[in-house]
Each structure stands twice: as structure tokens, then as C-alpha cells.
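Encoded as C-alpha cells, the structure appears first; notes follow it.
Small disclaimer: the values here were computed from a predicted structure and weren't measured.
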Amino acid sequence: MEGSERSSTALEFLCRHLVALCVTYQECNESGPTGEPRFFACPGTIICVRGVGAFLTAGHTLKDWDKLLKQGKVRVISAALADTFGSECVTVEPIPFDFVNEPRFYIDDDEEGLDFGLISLRPYYARLLARNGVKAIFEENWINQHTIEFDGYAMIGFPDEFITSRIESSCGEVYVLGVVSPTMIPLKRLEQAPPGRPTRLPRFIGQLHPDLQIGSIKGMSGGPILGFRFGPPMAYWVVAIQSSWLPHERITFGCPVPVLAELIAAWVDDLPEQHGGIDP
């Protein structure tokens, strides 16, 4: 295959680990909603810990939304999980999702080096995601990562500059049509953090190539970072969740999956029973 076609096929295959949380909302003040509806999308992946599935993304994203909701500064009109990016996708319709009320857990702590959050998925959501080809991360995917020598890394997500939206109306109803385009960005792993950026727990640290034609990776927070072993046979693992970056140095940080998995397990133990589990 030609290079561009091969890259497109690889991205489509890897996007079976990519899910977008899409939210249509209105800003509010003391008098109620103000202005036109807006569209927001953030990337994430699906993780299964102790039989419970969850949408895993950046902690600061969920923290910011919770703050806005509690302060009454936004009103969520609708929300959905878009799972239409992978090669095994059978339907292009996103899954309506109760973003406001589903149980969630997040940590955003610069000193610790933790920035991840997750929203519990009822079995209903998990089954729909699996039917559309989404592949969850299970313990066997991260438990032995420390023994693997990776040959390369990349992250996937939705840079803000590639997200578009427009306001449309139908039958007297006004709604927002949002379009997100997945992007894969290769990374060079760095062994040491830049000066002044130490953390207690280890983080993934990667650098974008200086010639990469992208203005910003803003909007990629929560997207999976993949580690590759070129083999043979070729293999890959979801190694971290992208959390932040230094624009001038073009350095990005991620929260490693083996680090966050233990904290997720403790949260899962406290979930109400009705959230059930999913079949691997």
C-alpha cells in the first residue's frame, strides 16, 4: 500500500481503543442559559478493572466539568459516547450517554504526577461499545508492561484544531452538529523530565518531532498513548493516558496505565452493585 493509505489503515485499527465523550451544552448565569449551544469532545479509552468497565480520560477534564456543573455555569443539553473510529465499526450512530449522573472518579495532582479520571459504564453501555468493535484494556494488557522493551510510541486523540461544529435546526429544534477527526502523533520517549517538573510517581514523557505539522495538541488530553514493539511479530500496548504538555518544548506527559490501575481498583470496590461488570 502507499504510505498514506497504510497510515490510515493503521490509525483505523488502533482507533478500536479510542472513544470520544461528546457534550452539547450551554453556558449559564444567574438568569439561566445564555447564548447558542456549544460542542465539546474529549478522547478516552475503555478500561476494565475487576470486571467493571469505565471510560478513562484525563482527570483535569472531568474535574473542570464537575466544577462548572456544580457552580451552575453550564447546562448539558445532550451527551454521547462516539465509538465510530475503529475498523470494526458497524454503526456510525454515537451512544446517548448520561454524562451528568454516572459515577465518576478523578485525580489531578501535579506533585504526585497523577492526572486521570474515569466514568463507570453500566453493562448496557459496555455491550454497545463492544458490539461496535471497541476493545477494552484488561489487566493482562498492563500487568507485565515493565518487562517490555518498546521500539516506538504514539498517541491518538482529537486536536482542537481538527474539531468542527455548526448549529443547525430541524422541526423547530436547534442543535449542534459536531465532527471530530482522530489523529495519531508519533512520540520520542524521554527518560528524564524537564528541569522543574519532578513528580513523586513516574510519568510517561514524550516529545513531538520538531518538523511535525501541527500547531497544538490541545484537545488530546485523555487520549491513549501506545507503545509498540516492532517484532516480529509486531505488537502494541496502551501504556498511558495523555494529560498535559509544554508547547514550547513540544513535550507531552502521560499517566502510566500500570500506575493508575491500582487506584482504579480501589474506586471500583466502592461502586454500587447495579453498575455490574462486563464479560472480557
Side-chain angles (χ1 to χ4, degrees), residues 17-23 25 40-71 73-74 76 79-83 95 97-130 134-139 141-143 145 157 199-204 220-225 238-244 253-278 280:
H17 295 291
L18 183 65
V19 175
L21 172 61
C22 302
V23 182
Y25 68 98
F40 167 82
C42 75
T45 191
I46 306 301
I47 190 169
C48 183
V49 178
R50 295 186 177 172
V52 173
F55 174 77
L56 174 64
T57 188
H60 69 265
T61 300
L62 297 185
K63 176 182 174 182
D64 290 347
W65 270 99
D66 265 12
K67 182 177 180 180
L68 291 171
L69 289 167
K70 289 177 181 177
Q71 293 176 344
K73 292 185 177 180
V74 296
V76 172
L81 296 175
D83 58 349
I95 303 169
F97 185 59
D98 188 6
F99 167 58
V100 174
N101 296 311
E102 292 298 331
R104 67 197 66 201
F105 165 73
Y106 50 81
I107 296 178
D108 180 17
D109 190 323
D110 289 338
E111 291 186 0
E112 290 292 304
L114 295 172
D115 183 2
F116 72 94
L118 60 162
I119 306 175
S120 174
L121 296 176
R122 298 174 187 271
Y124 166 77
Y125 295 123
R127 285 193 295 268
L128 290 177
L129 289 164
V134 173
K135 305 299 182 184
I137 310 168
F138 290 91
E139 184 175 6
N141 303 130
W142 71 74
I143 194 67
Q145 279 189 16
T199 57
R200 191 180 72 83
L201 294 171
R203 288 185 298 177
F204 176 92
M220 297 281 284
S221 293
I225 297 175
V238 178
V239 299
I241 297 299
Q242 198 275 341
S243 59
S244 61
F253 300 96
C255 191
V257 172
V259 171
L260 59 85
E262 291 186 16
L263 297 171
I264 293 176
W267 176 71
V268 166
D269 289 341
D270 292 331
L271 276 178
E273 292 185 3
Q274 63 264 31
H275 280 264
I278 63 174

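- With contacts defined as side-chain heavy-atom distances shorter than 4.5 Å, the pair Leu118/Thr57 does not qualify.
- Of all the heavy atoms in Val239 and Pro258, the pair that sits closest is O-CD, 4.0 Å.
- Here the straight-line distance linking atom CG of Leu18 with atom NZ of Lys135 works out to 15.0 Å at 0.5 Å rounding.
- Contact detail for Pro43 and Gly157: the closest heavy-atom pair is CB-CA, 4.0 Å.
- Summarising the geometry, atom OG belonging to Ser244 is positioned 5.5 Å from atom CZ belonging to Phe253; distances are rounded to the nearest 0.5 Å.
- The CD1 atom of Ile225 sits 5.0 Å away from atom CZ of Phe204, with the distance rounded to the nearest 0.5 Å.
- Judged as a side chain to side chain contact (heavy atoms under 4.5 Å, CB included), and not counting sequence neighbours, the contacts of Asp110 are Asp108.
- Each of Leu114, Ile47, Ile107 was checked for a side-chain contact (heavy atoms from CB on, under 4.5 Å) with Leu260, and the lone residue meeting it is Ile47.
- Here the CD1-NE2 distance, from Ile137 to His17, works out to 7.0 Å after rounding to the nearest 0.5 Å.
- Ring pair Phe105/Trp267 is parallel by interplanar angle, where below 30° counts as parallel and above 60° as perpendicular.
- The two residues Val257 and Ala240 make their nearest non-hydrogen contact at CG2-N, 3.8 Å.
- No more than 12 heavy atoms of other residues, nucleotides or ligands shown are found within 6.0 angstrom of CD on Glu262.
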For this session: Please test Glu102 against Tyr125 for side-chain contact (heavy atoms from CB on, under 4.5 Å), starting from the C-alpha separation and ending with a verdict.
Result: CA-CA 11 Å; Glu102 292 298 331; Tyr125 295 123; 3.9 Å; yes
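- Across every non-hydrogen atom of Ala261 and Val49, the tightest pair is O-CG1, 4.4 Å.
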For this session: Take Val238 and Asn141, measure what side-chain contact (heavy atoms from CB on, under 4.5 Å) needs, and give me the verdict at the end.
Result: CA-CA 8 Å; Val238 178; Asn141 303 130; over 6 Å; no
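- If you take CG on Asp66 and OG1 on Thr61, they are separated by 11.5 Å, rounding to the nearest 0.5 Å.
- Closest of all the heavy-atom pairs between Gln242 and Ser221 is OE1-CA, 2.9 Å.
- The side-chain tip of Arg104 points at the ring of Phe99 from less than 6.0 angstrom away and within 45° of straight on.
- With contacts defined as side-chain heavy-atom distances shorter than 4.5 Å, the pair Val23/Trp65 qualifies.
- Of all the heavy atoms in Asp83 and Leu128, the pair that sits closest is OD2-O, 3.9 Å.
- Rounding to the nearest 0.5 angstrom, the gap separating the CD1 atom in Ile46 from the CG atom in Leu129 is 5.0 Å.
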Problem set entry | Verdict with supporting geometry, Tyr25 and Leu68, side-chain contact (heavy atoms from CB on, under 4.5 Å) | CA-CA 11 Å; Tyr25 68 98; Leu68 291 171; over 6 Å; no
For this session: Walk me through it: do Phe97 and Leu121 pass the test side-chain contact (heavy atoms from CB on, under 4.5 Å)?
Result: CA-CA 10 Å; Phe97 185 59; Leu121 296 176; 3.9 Å; yes
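- Not counting sequence neighbours, Asp98 has no partner by the salt bridge (charged side-chain N to carboxylate O under 4.0 Å, His left out) test.
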